[in-house]
Q: 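My structure is below; once you've seen it, I'll send some questions.
Small disclaimer: the values here were computed from a predicted structure and weren't measured. Per chain, numbering begins at 1; letters A, B, ... match sequence-line order.
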Amino acid sequence: MAKNNYNLSEGALQIIMKGGDVHQPVMQVLGSKKINSGSSDKERYRILLSDGKNSISFAMLTTQINDKVGCGGISTFSVIKIDRYITSVINNTGKGDTRVLLILDMNVIVPGEEVGQKIGFPTVLTDTGSNDQTPASNGNASGYGSSTTANTVAAKTSTANGSVSFNINGVNLSDQLTHPISSLSPYHNKWVIKARVTNKSAVRTWSNSRGEGKLFSVDLLDESGEIRLTGFKEAVDKFYDYIQVDKVYYISKCQLKPANKQFSALKNDYEMTMTLDTLIQECTEDEKSVPTIKYDFVTIDQIQNFEVNTIIDVVGVARTVSELQTFQARSTGKELKKKEIMLVDHTKTSVALTLWGTQAENFDGSNCPVLVIKGARVGEFGGGKNISTLSSSNMKINPEMTDAYRLRGWYDGEGNKLDYSNISAKSGAGNFSTPWLSFKEVQDQGLGNAEKGDYYQVMGTILLIRSENAIYKACPTEECNKKVIDLENGMYRCEKCNREFPNFKYRLLASMNVGDWSGNQWVSMFSSEVEKVIGMTSQEVGEQIEQNPESMVSITEKANFKQFIMKCRAKMETYNTPRQAKIPMVLMINPISNASVSPKSNMLED
DNA sequence: CCCCCCCC
């Protein structure tokens, strides 16, 4: 056996086969074998390779260098310099991961005939699948700020399918060596995805009993699916500026966990979190093979049919835009900013779109831009539907898209002259037709037996509001107005939601005596209408009585002898015996000057 | 580890 007089890179295989990098290693070929692959009519060679210290049998010459090999392959004992190579972890044996060395380019330094024998005493290298350092293991921890090309990263990625069919220069290599997003799961951690960033959130901070920090998240898309990736704290510093919407990245080494469907509309059972090991590298080659954001547009006239909280994609023209409005959130006291846009489309329908925060501040509605929104949320107000952007929404202004061009052309041609049917117009409780009845007639007719109660309206004068218990602390959750229990420790418990909150909202619930021409009647009135009666918000009333509990009397007295058209509901108690009429509920009040509600027209309808 | 997305 010859000594190593050929400068074999002893120990190189140990490094390479653990995912490390050795520059242009010199190796000896101890044997080669032609492989016929079913899918390719080209020949490939599997070789037994030695660095003088170790040997492996999982080395393969790629077909691009067949011309350097000749028809007989590389002669046994040849010493070669490997100029370009990649390793790839395959798992198609059922026995765990195996790393293969794929030689992309090499040159024979000394032909086998000249060497004539095995150099050194190489032992077979085992345990080649673990300690994965891929991708970009050549000193670039993240790819961020590095000069490494995307290609380099691709050439060091792992593969799940064990395919070893390559194109030259790795142009399509990366595709074959990356994993589809849909294949990601917590049960595999060796993967690289090549994905387009379709959305990036702002950086948000949080502070709660478990701690505080900052985070952001991106939505990733490839041809197989989509997934959300969130970065916390130091990951924000590391990656937030680097990652840009619409660009394609190689991403590996993130932590996978089941997605909480409650908080994400993305179609994936999992979501990912960046870790200290996470690698993200922009892909600048062949990135067009990764699909761009997909939309599932609904037309504006369809929005009224969606349930509240549905997430939709919509494209429309911003026909009008409100001024920036600033106000305080009732529940949190936080200052909020919004702009309301009238969005229209070719269905001749308009919907109110609300933008929030900096997006609202920065929005320029001049020239009626076309807006394309992914992930807007359907809301409801006063019986009409509206839409709103969330932090997870993605809004593009005048994007270069067919749907946007088409709408632009339509609007500039005829749309700008049209009248639109507004699905955000207030309707519902205040709009259904109700007969004019006096309190005496309601009583005499014994109304309230209908399943949902009987509705009527009266011209009523408020004679007295009871100031006792007219205001209460309610659950801060939207749509839940249940009175909360003050736990006297800064927390408030809602029995209905079975939750404790650090805050509450004030609600008014007034019991009042109302007179009409036939007599008088005690009625109840909810917060929204009491606010109109007394000209104060519940929050304002709450703050005032916190200062001076006695002031409730003077607040309620202001309502005395005010006159309104009151839409009321008569309903029977269903569980109390004997069966008796409940206190009527005033659902909505309107000033008597409201010309749209004339007794005569309503009587004719009924 | 967030998960808030608000208002009339």
Q: Within the distance-only criterion (no hydrogens, no angle test), does the side chain of A/Y420 pair as donor or acceptor with the backbone N or O of A/G415 below 3.5 angstrom?
A: yes

Q: From C-beta outward on A/F263, which listed nucleotide comes closest to its side chain: B/dC8, B/dC3, B/dC1?
A: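 Of the options given, the side chain of A/F263 lies nearest B/dC3.
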
Q: Can A/F381 be classed as stacking with the base of B/dC8, given a centroid separation cut-off of 5.5 Å and a plane angle cut-off of 30°?
A: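 So yes, this residue stacks on that base, both cut-offs being met.
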
Q: Is the distance from OP1 or OP2 of B/dC2 to the nearest side-chain N or O of A/W206 less than 4.0 Å?
A: yes

Q: Among the nucleotides B/dC7, B/dC2, B/dC5, which one has an atom lying closest to any side-chain atom of A/F232?
A: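 Nearest listed nucleotide: B/dC2.
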
Q: Going by the side chain to side chain donor-acceptor pair (under 3.5 Å) test, which pairs reach into residues 388-398 of chain A, not counting sequence neighbours?
A: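 Counting only pairs at least two positions apart or across chains, the side chain to side chain donor-acceptor pair (under 3.5 Å) contacts touching residues 388-398 of chain A are A/W356-A/S388, A/Q359-A/T389.
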
Q: Answer whether the closest heavy-atom distance between the side chains of A/V484 and A/R493 falls below 4.5 Å.
A: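 They are not in side-chain contact.
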
Q: Of the listed nucleotides (B/dC2, B/dC8, B/dC6), which one gets closest to any side-chain atom of A/N386?
A: B/dC8

Q: Can you find a side chain N or O atom of A/R210 that sits less than 4.0 Å from OP1 or OP2 on B/dC2?
A: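 For B/dC2, OP1 or OP2 has a side-chain N or O of A/R210 closer than 4.0 Å.
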
Q: Could you give the CD-to-C1' distance, from A/Q539 to B/dC6, as a whole number of Å?
A: 14 Å

Q: Please give, in whole Å, the distance from B/dC5 P to A/E335 CD?
A: 18 Å

Q: Contact class for A/K257 vs. all strands (heavy atom < 4.0 Å): base, sugar-phosphate, or nothing?
A: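 Base, at least one base atom sits under 4.0 Å.
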
Q: Expressed in angstrom and rounded to an integer, what is the separation of A/E234 atom CD from B/dC1 atom P?
A: 15 Å

Q: Do A/S391 side-chain and B/dC4 base share a donor-acceptor contact under 3.5 Å?
A: yes

Q: Would you say B/dC2 has OP1 or OP2 under 4.0 Å from some side-chain N or O of A/N260?
A: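 A/N260 to B/dC2 OP1/OP2: no side-chain N or O under 4.0 Å.
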
Q: Let me know the distance between OH of A/Y270 and P of B/dC3, rounded to the nearest Å.
A: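 Spelled out: OH on A/Y270 to P on B/dC3 is 24 Å.
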
Q: Looking at the base of B/dC3, is there any donor atom on it, or on the side chain of A/E271, that sits under 3.5 Å from an acceptor on the other one?
A: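 Result: at least one qualifying N/O pair found.
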
Q: Does A/M274 or A/L390 map to a spot on DNA chain B nearer the 5' end, using the closest nucleotide for each?
A: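 Residue closer to the 5' terminus by nearest nucleotide: A/M274.
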
Q: Do A/K482 and A/E495 meet the salt-bridge criterion of a basic N to acidic O distance under 4.0 Å?
A: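 Not counted as a salt bridge, because no side-chain N and carboxylate O are separated by less than 4.0 Å.
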
Q: Would you say B/dC7 has OP1 or OP2 under 4.0 Å from some side-chain N or O of A/K334?
A: no

Q: With heavy-atom distances below 4.5 Å as the criterion, would you say the side chains of A/D516 and A/T461 are in contact?
A: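 Counting from C-beta outward, A/D516 and A/T461 never come under 4.5 Å.
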
Q: Whole-Å distance between B/dC5 C1' and A/E380 CD?
A: 18 Å

Q: Between A/D219 and A/R228, does any side-chain N to carboxylate O distance fall below 4.0 Å?
A: no

Q: In whole Å, what is the span from the CD atom of A/E212 to the P atom of B/dC1?
A: 17 Å

Q: Please state how far atom CZ in A/F526 lies from atom P in B/dC8, giving the value in whole angstrom units.
A: 17 Å

Q: What is the distance, rounded to the nearest whole Å, between atom NZ of A/K337 and atom C1' of B/dC8?
A: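 Rounded to the whole Å, the gap is 19 Å.
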
Q: Answer with yes or no whether A/R204 presents, from its side chain, a donor or acceptor under 3.5 Å of a partner atom in the base of B/dC5.
A: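 In this structure, the two groups form no donor-acceptor pair.
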
